[in-house]
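Here the structure comes first, spelled out in structure tokens, and everything after it is commentary.
Small disclaimer: the values here were computed from a predicted structure and weren't measured. In what follows, every chain begins at residue 1, and chains take the letters A, B, ... in the order their sequences are listed.
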There are 2 protein chains.
Amino acid sequence: MKQRRRTLKNRGYAASCRIKRIEQKDELESEKTQEYRDMEAMQEDNNRMREEIESWHSKYQALKKFAQDKKIIIPPDLETM
Amino acid sequence: MKQRRRTLKNRGYAASCRIKRIEQKDELESEKTQEYRDMEAMQEDNNRMREEIESWHSKYQALKKFAQDKKIIIPPDLETM
DNA sequence: GTGATTAGTGAGCAT
DNA sequence: ATGCTCACTAATCAC
């Protein structure tokens, strides 16, 4: 009688244990997926900033070229800054 | 005799199954850790580029201010580009 | 038939 | 005593 109860409880414990294992695996996978999404977003930011760098760089170079064409002397600290 | 062999083999299969489960979990965790490392590296790139943007932006502004101080007229397409 | 996986069982650990 | 986890077993699935 007593052993029987124990056996039935064990059955339940085993089931809990298996469910728990699956949940933990799912959780891991979710976290991994989320990290991947974050990484994609960051990559986009990254590309956006790369473009912005090139944009400002071009603007700077264009101004400098304009000065050179006009024979305007630019102070060295602005030239090479 | 035959059932005995089957049972022994099953014992082995069950062991393989358990090992496989553990390996897959480890693999998942490794991937997650690696993604985290990649993310940190990307974050650094990100910060570096943010600085570079600010750097070129400053250089551009400095040139523009120099021009204004010198009363140099800058073509609109360079001014607002 | 062989290998893999699942649920159930008892053993053993931890509380 | 209770809950959890492990290894083992039989049942079952997939090939």
CA sep, side-chain torsions, deciding dist, call: B:K65, B:D69, side-chain contact (heavy atoms from CB on, under 4.5 Å)
CA-CA 6 Å; B:K65 182 170 188 307; B:D69 290 351; 3.1 Å; yes
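The nearest whole Å value for the distance from the CG atom in A:L8 to the C1' atom in C:dT9 is 11 Å. The NZ atom of A:K2 sits 13 Å away from the C1' atom of D:dT2 (whole-angstrom rounding).
Between A:F66 and B:I72, some side-chain heavy-atom pair lies under the 4.5 Å cut-off.
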Atom pairs and distances, side-chain donor-acceptor, residues 13-30 of chain A, under 3.5 Å, sequence neighbours left out:
from	atom 1	to	atom 2	distance (Å)
A:S16	OG	A:G12	O	3.0
A:S30	OG	A:D26	O	2.9

What side-chain donor-acceptor pairs closer than 3.5 Å can you find for residues 42-54 of chain A, not counting sequence neighbours?
from	atom 1	to	atom 2	distance (Å)
A:N46	OD1	A:R50	NH2	3.2
A:N47	ND2	A:Q43	O	3.4
A:E54	OE2	A:S58	OG	3.1

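Within residues 11-29 of chain A, the residues that have a heavy atom under 4.0 Å from DNA chain C are, in order of number, A:R11, A:A14, A:R18.
Remark: B:R37 pairs with B:Q34 by the side chain to side chain donor-acceptor pair (under 3.5 Å) rule, at least two apart or across chains. Considering only residues two or more places apart in sequence or on other chains, B:E31 meets the salt bridge (charged side-chain N to carboxylate O under 4.0 Å, His left out) condition with A:K32.
Put simply, A:T7 has a side-chain N or O that comes within less than 4.0 Å of OP1 or OP2 on C:dG10.
Between B:W56 and A:H57, the ring planes are perpendicular. Angles over 60° get that label, and only those under 30° would be called parallel.
Annotation for A:L8: atom CG counts as buried by contact number, over 12 foreign heavy atoms lying within 6.0 Å.
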Measure all distances between protein nitrogen or oxygen atoms and nitrogen or oxygen atoms of nucleotides 11-15 of chain D, and list the pairs falling under 3.5 Å.
from	atom 1	to	atom 2	distance (Å)
D:dT12	O4	B:R6	NH2	3.2

